[in-house]
Amino acid sequence: MTSPIDQNKLKKLAEIAVKVGLRLEEGQDLVMTAPLEAAPLVRLITKAAYKAGGGLVTTFYGDPETVLARYKHAPDASFDKAADWLFEGMAKAFDNNAARLAISSENPMLLANEDPEKVGRINKAMSKATTPVRKRIVEFDVNWSIVSYPGADWAKLVFPDDGEEAAIKKLAEAIFAASRVDVEDPITAWKEHNANLSQRSAWLNRQSFTALNFSGPGTDLTVGLAEGHVWMGGEAAAKNGITCNPNIPTEEVFTTPHALQVDGHVISTKPLSHHGTLIEDISVKFEGGRIVEARAGKGEDVFLKLLDTDEGARRLGEVALVPHSSPISQSGILFFNTLFDENAACHIALGQCYSKCFEDSETITPEQVKEQGGNSSQIHVDWMIGSDKIDIDGITKDRSRVPVFRRGEWA
Ligand code: ZN
Ligand code: ZN
């Protein structure tokens, strides 16, 4: 059977992953994680990495069938376990300057029928075990990136009216378009896109707003910004000196909110797919930076559990701006995948902030991050609050308001 996926574009995606996403350097090692199903892309990336002079490429495969086998057959004590030794090993590789690439293709509904209590226990054990890896990624020690592969179950969820092959083909084309590999010269397209995003970030940094106000149906939210916050978007320099594109695709410019200065109420404008559960119609109220009331039309149990992960889980770690006219938003496709859906709309993230979004991010200590308003948590979960009905004002130090977005577009 021939693959419904355009192999030429898949090869371009592999090249973009290595040359734009990672910018893998001569002799640099690469640690990759991928679902079994994505092996065709892993092989192309491995080839591209070695051709680019990569040192050692090591891939860890996951398999959804074995995840389900655990839920079905494992003894109770299994649900508090995670392979901490593996993540410690990965952290060691990053300390030795290995780059990190994740391939995402998973079916977001994989765990929809599993016991939420068990799902919660595994998530908690995983959060703890992956801390050494997450720390190095959020602190941006090494160049890293994520790309996507059109998995069959994911494709069928996104295109439920199509047969499997047609769905995979459609999702593949949507991934290629969003990842800007369906053009003649993807490398140049990414250069232009990066220049655009850095121009937006530079404007926001010149304004140095103290807060943003989001307003629209069901939403009146003031998000204070951390002291010394820096807006970023597109490519960025990791601490190992390599400039990379951490997300393929990406449309956002983002920064760190002040964990103690978020007030008002906000509703979600797209479903949030979290570890196999769809959380829809979220409505929360913030006081002094903390969520004090929370509801969800669907998946409320999982959402409330998420908020109880730790103290920082009820506070914001990211605010991001994405115009409604972004290609992903215009595709009209709901991907059920944060990497895509967060690039379709303005969003906020509960939990951990990015220390790279501060002035002097090279030398800033965790204590300083906290003092300046940066949040810390074991989670970082983005959800969408933007639409073509949302206006955003920047609030300056002298309390005047500057239009930033009108009806979902840059003002
Ligand atoms: Zn974001
Ligand atoms: Zn985020």
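If you're wondering where the values come from, they're calculated on a predicted model, not measured in any experiment. When a ligand or atom number is given, it counts from 1 through the structure's own listing order.
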Original post:
Residues two or more places apart in sequence or in another chain: which of them pass side chain to side chain contact (heavy atoms under 4.5 Å, CB included) with H258?
Top reply: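 Partners of H258 under the side chain to side chain contact (heavy atoms under 4.5 Å, CB included) test: L260, Q261.
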Original post:
Are a donor atom and an acceptor atom from the side chains of E25 and N240 found within less than 3.5 Å of each other?
Top reply: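 No, because no side-chain N or O of E25 sits under 3.5 Å from a partner of the opposite role on N240.
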**OP:** Would you check if there is a donor-acceptor pair between the side chains of S215 and D220 at a distance under 3.5 Å?
**Re:**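 No.
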**OP:** Specify whether W154 and F335 have parallel, tilted or perpendicular ring planes, treating 30° as the upper limit for parallel and 60° as the lower limit for perpendicular.
**Re:**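 Rings of W154 and F335: tilted, as their planes differ by 30° to 60°.
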Original post:
Which N/O/S atom belongs to E252 and is the closest one to the Zn ion (ligand 1)?
Top reply: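 It is OE1, the N, O or S atom of E252 closest to the Zn ion (ligand 1).
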**OP:** Could I get the full list of side chain to side chain donor-acceptor pair (under 3.5 Å) partners for S355, not counting sequence neighbours?
**Re:** none
Original post:
How about the Zn ion (ligand 2), which protein N, O or S atoms come within less than 2.8 Å?
Top reply: E318 OE1, H380 NE2, D382 OD1, D382 OD2
**OP:** Sequence neighbours left out, what pairs pass ring pair (Phe, Tyr, Trp, His ring centres under 6.0 Å) with at least one residue falling in residues 79-120?
**Re:** Y71-F79
